[in-house]
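A short worksheet on the structure shown next.
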Amino acid sequence: GAALLCFLPYHHVSTGRFQVQPGVKRGARAQVEGQIESVSTEEGAWVNAGDIIVSLSKRNIQKELMVTTASLNEAVAKFEGAKLKLSYSQQELERSKQLYQKEQISTQDYEDRQREHDLDQQEYYALNAEVERLQTLVAHHKEDLALADIRSPIDGRVTTPYLREKLHHTLKVGDLLTMVEDMRTALIEIDVPEQYINKVKIGGRIEAKTWAYSGITFTAKVIAISPAAMDSQELESERAMMTQEKGAVNILDTKKEKIVRVTAELLNSDGRLKPGMTGYAKIKSGWRSLGSVLISEVTRFFIVEVWSWLP
């Protein structure tokens, strides 16, 4: 009877704890410095890529644009005058050259005309460079005006609380305003103990249960396997640091062991799964006989553990 049990089919699974992550997550950051003048959305609201989340004050940028535009108009007027002057100077130089070749004007007169032409040419190039500099500056100010509206980088939900309470706060370049997360497709990060990772394959089927919805079994597919094993506590610390950026920390109580992070994705069109939810997952890796499973566990123990005891 015991022998027959060894031949019973056994659906081998690798288990591990998991944490839910957004399928896509991006931060909306300030690209210019300024004071928040208006807030267009709030936590939990759905935004499309390009939608304005907040607008920074544009008064200083508009003032700089007005002053620079006036300087540009003045420089263009001077440049046009210098352009006409250089054209006339070139004609006069050519005429003087012909007269000089016919010995109808002196060398001194011809050299004077050459110097005048050179000065007119220098003025032309200097004014041309100034016009190009001011044009670049005007374009920069116009770009800053557009960047004063902080927009959503992706389709998703705003996840930062108390956005409206940030009204009149000043943001510096690079400051994080909010995170935007698209949970229509969720990612599950599963911590698989290293001794079971050899059975996990890309495309493998996953069954998962969360603490929040213990009566529901979610199914997902493996899309990535981390190339390196990590201490579980070290991984949780890294996750905590990433989560702090959103204003919340969720550290799982883990014992120290080597784990490999496996990522799976599943559809979450109803938005039931939330970022940071936890639970346990089973990664199915095919049918095997019960005997082979038991033998492999014993064999692994002797090959690795017992071997380490030998001198």
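- Annotation: side chain of Tyr100 is not in contact with side chain of Asp109 (no heavy-atom distance under 4.5 Å).
- Scanning all heavy atoms of the two residues, the minimum distance from Ser152 to Val180 falls at OG-CG1, 3.7 Å.
- For the ring pair (Phe, Tyr, Trp, His ring centres under 6.0 Å) test, no residue two or more places apart in sequence or in another chain qualifies with Tyr280.
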Step by step, work out the side chain to side chain donor-acceptor pair (under 3.5 Å) result for Asp118 and Gln114. CA-CA 6 Å; Asp118 291 344; Gln114 180 70 56; 3.2 Å; yes
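- Side-chain contact check for Val20 versus Leu187: every heavy-atom pair is 4.5 Å or farther apart.
- The closest side-chain heavy-atom distance from Ile259 to Val192 is not below 4.5 Å.
- Ile150 pairs in a side-chain contact (heavy atoms from CB on, under 4.5 Å) with only one of the listed residues (Ile52, Val32, Leu171), which is Leu171.
- Under a 4.0 Å N-O distance rule, the pair Asp182/Arg157 does not qualify as a salt bridge.
- Side-chain contact check for His141 versus Thr68: some heavy-atom pair is nearer than 4.5 Å.
- Atom NZ of Lys102 sits about 13.5 Å away from atom NZ of Lys97, to the nearest 0.5 Å.
- Under the side chain to side chain donor-acceptor pair (under 3.5 Å) test applied with Thr217, the options Glu207, Lys209, Lys282 reduce to a single match, Lys209.
- Proximity of a side-chain donor or acceptor of Ser214 to a complementary backbone N or O of Thr210 within less than 3.5 Å is not detected.
- Between Tyr213 and Phe218, the angle of the ring planes goes over 60°, which puts this pair in the perpendicular group of the 30/60° scheme.
- Residues Leu266 and Thr219 have side chains not in contact (no heavy-atom distance under 4.5 Å, counting atoms from C-beta outward).
- Judged by distance alone, the side chain of Ser96 and the main-chain N or O of Glu92 form a donor-acceptor pair under 3.5 Å.
- Put simply, the side chain of Arg184 does not reach to within 4.5 Å of the side chain of Ser269, judged on heavy atoms.
- Put simply, the side chain of Asn268 never gets that close to the backbone of Thr185: no donor and acceptor are under 3.5 Å apart.
- At a threshold of 4.5 Å between non-hydrogen side-chain atoms, the residues Glu43 and Tyr162 do not count as touching.
- In this structure the side chain of Ile216 reaches within 4.5 angstrom of the side chain of Arg272, judged on heavy atoms.
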